[in-house]
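First the structure, in the form of structure tokens, and then the observations on it.
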Amino acid sequence: MSALARSTILAAIAALLIPAVSPVPASAQQARCADRARVLDMLQTRFGETRRGMGIAAERAVMELFASAETGSWTITVTFAGGTTCLLASGHGFEAVDEMPLPAGEFPA
């Protein structure tokens with residue numbers, strides 16, 4: 001599936017999942033938000049993506065990276081304390097890397 005087709009399908013599915021009233025900021029609502037369980041089910045069943053990483057994104061919010069080793073598709077989400085998950089970005093060509101930390105001020109070649 002092409003990246004454009006995947007993005008179009010993901011946007012259409014997310015649009016169907018957007019709740020009418022959401023307890024998240026307006027900027028997050030524009031990012032396509034829904035109940036966490038529905039979003040995770042969609043990422044798994046439609047795209048074969050599983051969680052590959054996570055971190056604290058803001059006070060009471062968690063950022064997660066989902067990806068598929070088979071297709072290379074990936075999605076970044078943020079979940080708020082109330083259980084609402086928003087799709088922030090998606091794409092293709094995912095590749096897991098395990099790099100050693102670099103000294104301060106150095107960047108990978």
Side-chain angles (χ1 to χ4, degrees):
M1 177 182 302
S2 75
L4 178 60
R6 180 186 184 280
S7 295
T8 302
I9 291 170
L10 187 60
I13 292 169
L16 294 174
L17 298 177
I18 297 173
V21 178
S22 178
V24 297
S27 60
Q29 290 178 26
Q30 295 171 2
R32 310 275 194 242
C33 304
D35 177 72
R36 178 178 168 73
R38 293 179 75 183
V39 172
L40 298 187
D41 181 61
M42 185 247 331
L43 292 175
Q44 174 63 47
T45 59
R46 298 279 298 173
F47 304 109
E49 295 180 3
T50 57
R51 187 168 60 179
R52 301 304 176 98
M54 61 185 291
I56 304 302
E59 186 178 327
R60 299 177 53 125
V62 175
M63 179 282 306
E64 295 171 289
L65 169 64
F66 295 86
S68 169
E70 290 183 20
T71 67
S73 69
W74 58 266
T75 304
I76 296 174
T77 67
V78 64
T79 301
F80 297 92
T84 299
T85 297
C86 299
L87 305 173
L88 298 183
S90 65
H92 66 283
F94 176 79
E95 184 177 329
V97 295
D98 188 16
E99 296 179 347
M100 297 297 294
L102 294 173
E106 290 190 28
F107 299 95

Is there a path of hydrophobic side-chain contacts, each under 4.5 Å between heavy atoms of I, L, V, M, F, W or Y residues, that connects I56 with M54?
yes
For the pair T84 (side chain) and F80 (backbone), establish whether a donor and an acceptor sit closer than 3.5 Å, ignoring hydrogens and angles.
no
Over all atoms of both residues, closest heavy-atom pair of S68 and G48
CB-O, 3.6 Å
What are the two closest non-hydrogen atoms of E49 and S73, and how far apart are they?
OE2-OG, 2.7 Å
Across all chains, not counting sequence neighbours, the side-chain hydrogen bond (donor to acceptor under 3.5 Å, both in side chains) partners of T85 are T79
Does R52 reach the side chain of W74, with side-chain heavy atoms less than 4.5 Å apart?
no
Under the salt bridge (Lys or Arg N to Asp or Glu O under 4.0 Å) rule, what pairs show up with a residue in residues 61-76, not counting sequence neighbours?
R36-E64, R51-E64
Which pairs, with at least one residue in residues 81-101 and sequence neighbours excluded, count as a salt bridge (Lys or Arg N to Asp or Glu O under 4.0 Å)?
none
Among L87, L88, L40, find the one that has a side chain to side chain contact (heavy atoms under 4.5 Å, CB included) with T77.
L87
T75 side chain reached by V39 side chain, heavy atoms, under 4.5 Å:
no
Identify the heavy atoms of I76 and L65 that sit nearest to each other, and give their distance.
CG1-CD1, 3.9 Å
Looking only at heavy atoms, what is the nearest atom pair of E106 and L102, with distance?
O-CD1, 3.7 Å
Any side-chain heavy-atom pair of H92 and T71 under 4.5 Å
no
